[in-house]
Participant: 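Dropping a structure here in structure tokens format, bear with me for questions.
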Amino acid sequence: KLEETLFKLERSNERLNGKVQAQELLMEAAHRLGGTLQRESVVERLANLVQEKLAWPQFAVFLMETKNQDRFALKLVAAIGISKDIISLHSQVLIGEGITGIVAQTGAPLIIANLEKEKSLKLWEPQNREADSQEFGKTGSLMAVPMIHKGRVLGVFVFLHPKINIFDKEHVDLISA
């Protein structure tokens, strides 16, 4: 009985530490991002903050842009831990194409606990075809979270980790905040 109570306390402590970490991240983000309205500067600061505080080895930031007034695409504006041979900065992903485009289209986050079990999924299909993402992101886990402001999708965060089962709903909530 004592061991069970101790186990429950440890789990509760872990959840509480996760919530404290989330609050610290949000406070740090507000502090670092406050005072600048330049998109490039905000994205760069945000990418550095995620890398520093969360230590997730690979992630990309895509922002929405209008293409020809009727087509929408996502443009890669930041990538950490992802080779330029895989996808280059400023590559475009059409809405609805690949995991990144589908998350933008639906506005719903997506977690894939084990990429090896999802061999048919592609992260993105870059419009400019500069990079082949066939082998990239085939192992480990993935989390794709839309950036939503006032009900509108502004972009998508894509996080990859070489280990399986890394991401969960609390991570989605943290990034969505």
Participant: Taking 4.0 angstrom as the limit, do E4 and K1 come out as a salt bridge?
Facilitator: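 No, this pair does not count.
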Participant: Check whether L74 and I102 end up in the same hydrophobic cluster, where Ile, Leu, Val, Met, Phe, Trp and Tyr are linked by side-chain heavy atoms less than 4.5 Å apart.
Facilitator: no
Participant: Considering non-hydrogen atoms only, spot the tightest contact between T100 and V93 and give its length.
Facilitator: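 Heavy atoms of T100 and V93 come nearest at CB-CG1, 4.5 Å.
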Participant: Where the side chain of S176 meets the backbone of V172, is there a donor-acceptor pair that is under 3.5 Å apart?
Facilitator: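 It does hold such a pair.
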Participant: With a 4.5 Å cut-off on side-chain heavy-atom distances among I, L, V, M, F, W and Y, is there a chain of contacts connecting F72 to V153?
Facilitator: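 Yes.
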Participant: Same cluster or not: M147 versus I111, using hydrophobic residues (I, L, V, M, F, W, Y) connected whenever any side-chain heavy atoms lie under 4.5 Å apart?
Facilitator: yes
Participant: How about P57 and H161: do any of their side-chain heavy atoms sit closer than 4.5 Å?
Facilitator: yes
Participant: Would you mind reporting whether L6 and K8 have side-chain heavy atoms less than 4.5 Å apart?
Facilitator: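 No. Closest side-chain heavy atoms not under 4.5 Å.
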Participant: With a 4.5 Å cut-off on side-chain heavy atoms, are E170 and L174 touching?
Facilitator: no
Participant: Are any of the side-chain heavy atoms of I95 and Q105 separated by less than 4.5 Å?
Facilitator: yes
Participant: For A144 and I99, which heavy atoms make the closest approach, and how far apart are they?
Facilitator: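 Minimum heavy-atom separation between A144 and I99: CB-CG2, 4.2 Å.
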Participant: Between N165 and K163, does the side chain to side chain contact (heavy atoms under 4.5 Å, CB included) criterion hold? Intermediate values first, please.
Facilitator: CA-CA 7 Å; N165 298 315; K163 294 181 181 176; over 6 Å; no
Participant: Decide if atom CD of E3 counts as having more than 12 heavy atoms of other residues, nucleotides or ligands within a radius under 6.0 Å.
Facilitator: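 No, CD of E3 has 12 or fewer neighbouring heavy atoms, counting only those of other groups under 6.0 Å.
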Participant: Can you tell me how far CG of L115 sits from CG of L160, rounded to the nearest 0.5 angstrom?
Facilitator: 7.0 Å
Participant: With a 4.5 Å cut-off on side-chain heavy atoms, are Q92 and F62 touching?
Facilitator: no
Participant: Begin with the C-alpha distance, continue with both residues' side-chain angles, and end with the deciding distance and a verdict on side chain to side chain contact (heavy atoms under 4.5 Å, CB included) for M143 and F157.
Facilitator: CA-CA 8 Å; M143 175 175 66; F157 290 110; over 6 Å; no
Participant: If we ignore hydrogens and angles and just use 3.5 Å, is the side chain of Q58 paired with the main-chain N or O of G81 as donor and acceptor?
Facilitator: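 Confirmed, Q58 side chain pairs with G81 backbone.
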Participant: If we ignore hydrogens and angles and just use 3.5 Å, is the side chain of S141 paired with the main-chain N or O of I112 as donor and acceptor?
Facilitator: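 Such a contact is absent between S141 side chain and I112 backbone.
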Participant: Using side-chain heavy atoms (C-beta onward) and a distance below 4.5 Å, is L142 in contact with V158?
Facilitator: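 Result yes, sub-4.5 Å side-chain heavy-atom pair found.
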Participant: If the plane angle is over 60° it's perpendicular, under 30° parallel, otherwise tilted; pick one for F159 and F167.
Facilitator: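 Aromatic pair F159/F167 classed tilted.
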Participant: Should V77 and I80 be counted in the same cluster of Ile, Leu, Val, Met, Phe, Trp and Tyr side chains packed under 4.5 Å apart?
Facilitator: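 They do share one cluster, since a chain of ILVMFWY contacts under 4.5 Å joins V77 to I80.
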Participant: Tell me whether L63 is reachable from V145 by hopping between hydrophobic residues (I, L, V, M, F, W, Y) whose side-chain heavy atoms are closer than 4.5 Å.
Facilitator: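 Linked within one cluster.
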